[in-house]
Amino acid sequence: MAALKMRVSQILIIAVASALLGLPYVFLYRKPSVQHMLSNFSSSLLQPYEHMITREHNTELQYILSRAAMPNKTVIITTLNEAWAAKGTMIDLFLLSFRRGKNIEHLLEHLVIVTLDRKAHERCLQLHPYCFILETPGVDFAGEKSFMSEDYLKMMWRRIRFLGDVLEMGYSFVFSDADVLWVRDPFPNFAKDSDFQIACDKYIGGPYDVGMNAPNGGFLYVRSNEHTIAMYRYWYAARLRVPGKHDQDVLSVVLQEKSFGRLGVKIRFLETLYFSGFCQMSKDMKRVVTIHANCCKGGLSNKLKDLQLALDDWRSYNGLLPSNQDTRSNTNPHWRVPLSCRRSKWMWWRRHKLL
Ligand SMILES: *[C@@H]1O[C@H](CO)[C@@H](O)[C@H](O)[C@H]1NC(C)=O
Ligand SMILES: *[C@@H]1O[C@H](CO)[C@@H](O)[C@H](O)[C@H]1NC(C)=O
């Protein structure tokens, strides 16, 4: 009897001790491989990386992510500021698209809305269960930011940093700007073997060719693993080497770097046939998944008008199927967009020297 008691307490001690010793490894299990992978990089390529999110904030984020995630630890993330949160503007249209899309309303259960200011946060709480506020002291993220202004760039980089933190917490994500309409489930269109999949303003071909397509970080699918965690650290650090640039421009530079290649990230560019936008609309309504209000620098009201129009086109296409389809076969469903955004489309092409 005494011997048995002895054994029980021994087992308990061993169990407690190993739990205590093992605990840090449970939390940090990704770290050694990431550190190892990055050990070769000079500090100019990779600044020391401190986490921006405070401890309490971190707990809250963990909680929201765990609630919103799919069983395979995947979440959908969008960001929202005051200008896009107002009633009857971007966020309403964004959420509406899930309801008008093809059986995708359930995806809203996995959506986390990251708000950039108090007003956006208040509106979010009225609309959606998963809102996370990402404030940066000293920066006013409210209001419409003009493209490439200093605050706009800060906002973009803050977003990159945040998404890196999400990956480090072990969550994969689809990131979508709120000016992207979702009309079909994107998951069947993602490749199983790629780490980082990104939509394009202009897709020419070669889904794995880093030199060919013009990527747009407004829609991404990123799997959490040591390659992508290292990639986000590398990308974020690169803003200091390539200053005054948009995250996408820096990404284009980074993708061509030999040292980036060593991170072993499998990148895939998504075809605009599925993941389209005003720069290059999908040619096929039977396959279109998302519609991004890109190539539209004419301000919020133009974006809203054309997104509304795109959603109407999508709805009338669905109305045509299946009963009316034959009688109206010569009026092929087509996009009327971009319309209000068109002028700025031309300017976009010129800026990118594609015209
Ligand atoms: C570090 O660099 C050396 C030489 O360039 C290379 O052989 C090694 O695989 C690298 N290690 C990692 C973890 O990338
Ligand atoms: C995660 O789950 C969703 C929903 O079931 C699925 O569509 C997606 O392909 C899954 N992702 C991975 C990486 O298995």
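Note that ligands are numbered from 1 as they come in the structure, with each ligand's atoms numbered from 1 the same way. Values below: every heavy atom of this structure, side chains too, minus hydrogens, waters and symmetry copies.
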Disulfide bond (SG atoms under 2.5 Å apart): pairs with one or both residues in residues 78-130, sequence neighbours excluded: C124-C131

Tell me whether the rings of W235 and Y232 are parallel (<30°), tilted (30 to 60°) or perpendicular (>60°). tilted

Greater than 12 external heavy atoms within 6.0 Å of Y63's OH: no

If you take the centroid of each ring, where Trp contributes its six-membered ring, are W182 and F275 closer together than 6.0 Å? no

With no hydrogens and no angle check, is any side-chain donor or acceptor of H110 less than 3.5 Å from a backbone partner on V75? no

Validate the cation-pi geometry between R268 and Y203: distance from NZ or CZ to the six-membered ring centre under 6.0 Å, angle to the ring axis within 45°. no

I'd like the atom pairs linking ligand 2 to the protein - N or O on both sides, separation under 3.5 Å - with distances to 0.1 Å.
from, atom 1, to, atom 2, distance (Å)
ligand 2, 2 (O), N72, OD1, 3.4
ligand 2, 2 (O), N72, ND2, 2.4
ligand 2, 11 (N), N72, ND2, 2.9
ligand 2, 14 (O), N72, ND2, 3.3

